[in-house]
Number of protein chains: 4
Amino acid sequence: MARGGGARGTADRGERILRAALEVMAERGYAAATVRDITDRAGVAAGTFYLYYPAKEAVGLALVDALYRAALAAAASARRGAPSPEEKLMRSMRAVLAVFARDPALSRFVLLLAPGAHPAFDERLREVHEALCTLVRDDVAEILGGRGDGRSADLASQAVVGAVGEVVTSWVRQGAPAGGLDDAAEVLSRLFGRGLGGLVP
Amino acid sequence: MARGGGARGTADRGERILRAALEVMAERGYAAATVRDITDRAGVAAGTFYLYYPAKEAVGLALVDALYRAALAAAASARRGAPSPEEKLMRSMRAVLAVFARDPALSRFVLLLAPGAHPAFDERLREVHEALCTLVRDDVAEILGGRGDGRSADLASQAVVGAVGEVVTSWVRQGAPAGGLDDAAEVLSRLFGRGLGGLVP
Amino acid sequence: MARGGGARGTADRGERILRAALEVMAERGYAAATVRDITDRAGVAAGTFYLYYPAKEAVGLALVDALYRAALAAAASARRGAPSPEEKLMRSMRAVLAVFARDPALSRFVLLLAPGAHPAFDERLREVHEALCTLVRDDVAEILGGRGDGRSADLASQAVVGAVGEVVTSWVRQGAPAGGLDDAAEVLSRLFGRGLGGLVP
Amino acid sequence: MARGGGARGTADRGERILRAALEVMAERGYAAATVRDITDRAGVAAGTFYLYYPAKEAVGLALVDALYRAALAAAASARRGAPSPEEKLMRSMRAVLAVFARDPALSRFVLLLAPGAHPAFDERLREVHEALCTLVRDDVAEILGGRGDGRSADLASQAVVGAVGEVVTSWVRQGAPAGGLDDAAEVLSRLFGRGLGGLVP
DNA sequence: CATGAATGAGGTTTCATTCAT
DNA sequence: AATGAATGAAACCTCATTCAT
């Protein structure tokens with residue numbers, strides 16, 4: 001009767017449902033994934049879904065959150081102790097890319113399938129993009145010193161975030177070939193490391 | 001009632017429906033926009049919709065196409081006669097940004113609301129991103145000369161496309177403040193112009 | 001400018017529409033045949049249909065009528081001058097079968113596809129079946145002399161009408177093989193000729 | 001609301017829906033009977049219909065099947081142990097007529113309203129008519145001994161099936177007067193018993 | 001007479017969600 | 001906590017019919 005033990009399949013129904021939702025939604029997209037599909041895949045009854053999530057949209061949101069929280073945490077942790085802003089930026093990108101690379105299905109759902117699927121997702125996506133931009137902006141501003149204007153720093157940080165996102169998106173679209181994101185951090189770092197220098201006179 | 005020739009509002013029902021669809025979908029998103037909403041806004045009967053579009057999905061696709069065809073055409077036209085690959089890239093970005101800036105609602109729908117809303121949209125989006133990346137990749141490869149490897153060029157072109165997309169997305173999310181994209185091309189050009197140099201030893 | 005002349009295709013639009021309706025309805029059934037299908041097949045505009053028929057149901061009714069009027073007329077004409085009631089019955093069956101055999105598509109529609117397709121058809125079908133039964137009943141009563149009761153004559157005439165109908169139906173279902181109804185009249189005549197004798201003590 | 005066990009009206013919703021469908025379809029015909037009509041009559045919610053039948057067409061088919069399966073089973077059972085082919089034929093007709101007589105509304109739907117209402121019905125009707133003809137044909141062939149040719153036996157069996165069908169149809173059209181089919185088997189038996197003798201030389 | 005664009009009522013079906021057991 | 005039968009709102013789309021040209 002030890003907690004967490006018991007019959008096989010009991011291993012946290014909430015977790016099972018979340019995983020099932022990821023699988024189904026990554027395959028079919030959010031709208032086409034029915035709650036029934038998800039509970040069937042999870043091996044639970046339809047009503048059980050609502051014991052763990054208040055609505056269908058909530059699982060989608062949980063998936064988006066899971067990925068982005070991991071990405072933000074990884075970035076925040078990776079930059080600690082970096083000697084220079086350039087290094088901070090590079091480590092952040094590397095960390096974020098690693099998080100995306102770890103779970104292609106989740107990345108596929110979050111980057112490709114979730115965006116226009118539900119108003120609540122858009123809101124969350126906006127928040128996350130803003131948070132990421134803010135993170136990056138600090139480094140960019142530091143790199144530029146006092147020399148660049150705020151607008152340039154804004155645009156540059158959006159560029160970084162967008163670039164990383166598109167690289168992951170392309171990788172996911174190609175079916176997430178193995179090892180396909182390992183070199184991306186390096187290239188992007190050099191690209192932006194050098195490029196940001198171009199923004200100061 | 002076929003109100004005949006010159007009456008107000010006769011300006012091509014197909015066009016009116018497209019505009020109405022853009023308005024409604026940009027407000028509510030694709031899924032929440034009902035055909036009825038669209039035809040009400042357009043001032044036509046429900047069935048009239050299907051005289052111009054075979055299905056709801058078709059208007060969404062038409063909107064996506066409209067924006068992306070314009071962007072691709074503008075880019076292709078802008079780069080003609082540019083003296084250098086750097087210049088080609090810069091003019092392309094400027095042209096594409098101008099197209100997005102011209103119609104914030106359309107940009108909002110295409111960049112924010114359409115992805116993930118329907119499988120057909122995803123397919124189209126993939127095609128367009130590929131086309132844009134190809135366009136950019138030519139310039140990037142030329143800038144790099146024979147020195148950069150193919151993978152770097154791929155990643156760099158994805159970075160450019162993603163950066164432009166994110167800049168527009170951010171602008172749209174802020175409510176598309178007037179003149180907000182005019183300076184972006186300049187900054188991005190300098191950023192990537194200098195940055196690409198960093199990819200060669 | 002002679003009447004009936006003019007451009008090819010003018011040959012009575014009403015007739016063309018009727019023929020087109022027969023083709024389409026015999027292929028797809030009444031419900032699945034749209035007015036648009038019919039006018040397309042007839043080579044006229046959608047609205048033209050309503051210049052010749054007040055409603056879709058009217059063409060179906062016209063088709064049912066066409067076949068049954070021909071059958072009734074043929075039967076009535078065939079029995080004139082027959083020397084005996086047996087002969088009258090036989091000639092009537094032969095005549096009716098010949099009418100059905102002449103136009104398999106029409107028979108297919110009237111016997112197979114029309115029955116449950118529209119309430120108005122049912123009413124018409126009822127009338128026709130009654131008329132045919134009445135016709136047959138006269139002969140049956142005459143054959144039976146005063147000996148059979150009315151109920152027997154009713155049932156026998158229904159049997160004859162039903163038998164003829166089922167024979168045609170089976171033939172139509174088999175794809176209306178050539179010459180497949182020529183021998184039916186002979187067999188049915190012998191069957192009922194002898195059989196009716198069994199109804200009197 | 002899942003009212004649980006013993007409440008009035010719980011008698012298997014599937015059964016209630018089938019009965020309601022029969023009532024509504026026998027009144028209005030298949031096309032005019034809406035799923036909403038049926039569920040209203042059955043006292044269940046609209047969506048409940050689809051818990052028991054995959055589509056509207058399926059209830060119609062279930063009704064057709066119910067009647068014809070009963071008829072075929074009754075005929076097959078009735079003929080067992082009959083001393084002569086004439087007797088087999090007579091008992092079969094009597095059994096089939098009894099089945100139709102038992103449920104006038106169902107007979108009305110199956111014989112009058114279902115044919116032509118949906119392609120799937122036609123297919124089923126064809127199968128059943130074939131099965132009945134085959135049944136009858138065995139007896140007819142036996143009665144004819146080796147003397148009649150195959151074509152005659154085919155036609156005769158079609159005649160029997162058509163006759164029975166038309167008798168029931170007429171009865172249904174007259175509003176299914178009580179006891180109106182009891183004597184029919186007797187008359188038809190004598191008619192065909194004697195008549196089949198006329199097919200051999 | 002002919003046209004065909006426009007109409008709009010209406011039906012089938014899906015599916016997120018509830019709740020009695 | 002878990003179940004799953006039942007709910008019922010809602011949306012897409014079709015198509016018979018009209019009528020201005």
Side-chain angles (χ1 to χ4, degrees), chain A residues 10 13-14 17 31-40 42-59, chain B residues 1-5 7 10 12-14 17 31-40 42-58, chain C residues 10 13-14 17 31-40 42-59, chain D residues 1-5 7 10 12-14 17 31-40 42-58:
Chain A
T10 305
R13 278 177 157 79
I17 291 170
T34 70
V35 171
R36 183 63 192 268
D37 287 337
I38 295 169
T39 54
D40 280 355
V44 300
T48 304
F49 180 90
Y50 293 89
L51 256 26
Y52 294 90
Y53 297 94
K56 182 188 168 189
E57 104 190 44
V59 241
Chain B
M1 279 205 188
R3 203 96 59 69
T10 304
D12 252 298
R13 279 175 158 80
I17 291 170
T34 73
V35 172
R36 186 55 188 270
D37 289 336
I38 295 169
T39 54
D40 281 354
V44 299
T48 305
F49 179 90
Y50 294 91
L51 254 27
Y52 294 91
Y53 298 94
K56 183 188 166 189
E57 132 196 15
Chain C
T10 305
R13 277 178 158 80
I17 290 170
T34 69
V35 171
R36 184 61 192 270
D37 288 336
I38 295 168
T39 54
D40 280 355
V44 301
T48 304
F49 179 91
Y50 292 89
L51 257 25
Y52 294 90
Y53 297 94
K56 183 188 168 189
E57 102 189 46
V59 241
Chain D
M1 278 200 189
R3 203 96 59 71
T10 304
D12 251 296
R13 279 176 159 78
I17 290 170
T34 72
V35 171
R36 187 56 188 271
D37 288 337
I38 295 169
T39 54
D40 280 355
V44 299
T48 305
F49 179 91
Y50 293 90
L51 252 28
Y52 294 92
Y53 298 94
K56 183 188 166 190
E57 132 194 15

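Every value quoted in this text rests on a predicted model; they were computed, and no experiment measured them. Computation of the quantities below employed the complete heavy-atom set of this structure, encompassing side-chain atoms and omitting hydrogens, waters and symmetry-equivalent molecules. Chain identifiers are assigned alphabetically (A, B, ...) following the order of the sequence lines, protein sequences preceding nucleic acid strands; residue numbering begins at 1 within each chain.
Distances shown here put every side-chain N or O of B/Arg36 at or beyond 4.0 Å from the OP1 or OP2 atom of E/dG10. At E/dA5, none of the side-chain N or O atoms of B/Arg13 fall inside 4.0 Å of OP1 or OP2 (strictly under the cut-off). Close to E/dT7, at under 4.0 Å from its OP1 or OP2, lies a side-chain N or O of B/Thr48.
Mapping C/Tyr52 and B/Ala45 onto DNA chain E via the closest heavy atom, the residue that lands nearer the 5' end is C/Tyr52. Between B/Ala33 and D/Gly47, it is D/Gly47 whose nearest contact on DNA chain F lies nearer the 5' terminus. Residue-to-nucleotide proximity on DNA chain F shows that, of D/Phe49 and C/Thr34, the 5′-proximal contact is made by D/Phe49. Comparing D/Ala46 and A/Glu57, the nucleotide of DNA chain E nearest to each residue sits closer to the 5' end for D/Ala46.
For A/Lys56, taking side-chain heavy atoms from C-beta onward, the closest of the listed nucleotides F/dA2, E/dA16, F/dT18 is E/dA16. Set against F/dA2, F/dA5, F/dC12, the side chain of A/Leu51 has F/dA2 as its closest nucleotide. Closest contact between the side chain of A/Val35 and the listed nucleotides E/dT7, E/dT17, F/dA6 involves E/dT17. Closest approach to the B/Ala55 side chain among E/dA5, F/dT3, F/dC13 is made by F/dC13 (side chain taken as heavy atoms from C-beta onward).
The CG atom of D/Asp12 sits 12 Å away from the P atom of F/dA5 (whole-angstrom rounding). One can place CD1 of A/Ile38 at 17 Å from P of F/dG4, the figure rounded to the nearest angstrom. Residue C/Tyr53 contributes atom OH, which lies 21 Å from atom P of F/dC15 at whole-angstrom precision. Across the protein-nucleic acid pair, A/Tyr50 atom OH and F/dA1 atom P stand 17 Å apart, rounded to whole Å. Across the protein-nucleic acid pair, B/Asp37 atom CG and F/dC13 atom P stand 14 Å apart, rounded to whole Å.
When every heavy atom of B/Ala46 is checked against every heavy atom of B/Arg36, the shortest pair comes out as CB-CD, 4.5 Å. Taking each heavy atom of C/Ala32 and C/Asp37 in turn, the nearest pair found is O-OD2, 3.7 Å. Minimum heavy-atom separation, A/Tyr53 to A/Gly14: OH-O, 3.7 Å.
Within the 4.5 Å cutoff, the side chain of D/Phe49 has heavy atoms near those of the D/Ile17 side chain.
Remark: of the listed residues B/Ile38, B/Thr39, B/Leu51, B/Thr39 is the sole one forming a side-chain contact (heavy atoms from CB on, under 4.5 Å) with B/Val44.
The base-pairing partner of F/dC13, taking Watson-Crick or G-U wobble contacts with both distances under 3.5 Å, is E/dG10. With both pairing distances under 3.5 Å, E/dA20 is matched to F/dT3 as a Watson-Crick or G-U wobble pair.
Nucleic acid contact class of D/Ala32 (heavy atoms, under 4.0 Å, all strands): none.
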